Amino acid sequence: MRDGRGRPLRYETVDDGTIRIPLRKGESALITAKGDRPDLTIAPVAPNVTAPRWGLPA
C-alpha cells in the first residue's frame, strides 16, 4: 500500500482479510487490487438519457 505520493503506507492485518489503516482527520484511503490503476479524474458525467432538470430554475 502506498500513499498519494507513492510512499509506503502503514497498515496492519487485523483479521482474515481485514486491514487497519491509521488515518488522520481529513485523510482518506483508496484500496484497489494489486496492479490496478483506476482513472481517478473528477469530471462531469455525460447523461445517457434526457432527464428533467431539478433544483434549478427552468
Side-chain angles (χ1 to χ4, degrees):
M1 279 192 239
R2 304 215 173 264
D3 67 9
R5 295 182 179 162
R7 298 176 299 199
L9 186 63
R10 289 183 331 155
Y11 72 95
E12 64 178 305
T13 302
V14 180
D15 233 342
D16 183 34
T18 303
I19 60 171
R20 180 179 293 145
I21 305 170
L23 298 172
R24 293 184 179 137
K25 184 176 182 176
E27 291 183 323
S28 61
L30 173 66
I31 302 170
T32 62
K34 187 173 183 175
D36 275 359
R37 298 289 183 260
D39 180 9
L40 302 176
T41 304
I42 298 173
V45 177
N48 54 5
V49 296
T50 303
R53 296 168 37 155
W54 54 274
L56 300 171

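Sequence positions, counted from 1, serve as the residue numbers for this chain. Computed from a predicted structure; not experimentally measured.
- Listed by first and then second residue, the side-chain hydrogen bond (donor to acceptor under 3.5 Å, both in side chains) pairs involving residues 26-39 are Asp39-Thr41 (not counting sequence neighbours).
- When every heavy atom of Ile21 is checked against every heavy atom of Ala29, the shortest pair comes out as CD1-CB, 4.1 Å.
- Closest non-hydrogen pair, Ile19 versus Val14, comes out as C-CG2, 4.2 Å.
- For Arg10, there are no side chain to side chain donor-acceptor pair (under 3.5 Å) partners two or more places apart in sequence or in a different chain.
- Residues Leu23 and Ile31 share a single hydrophobic cluster, defined by chaining ILVMFWY side chains whose heavy atoms lie under 4.5 Å apart.
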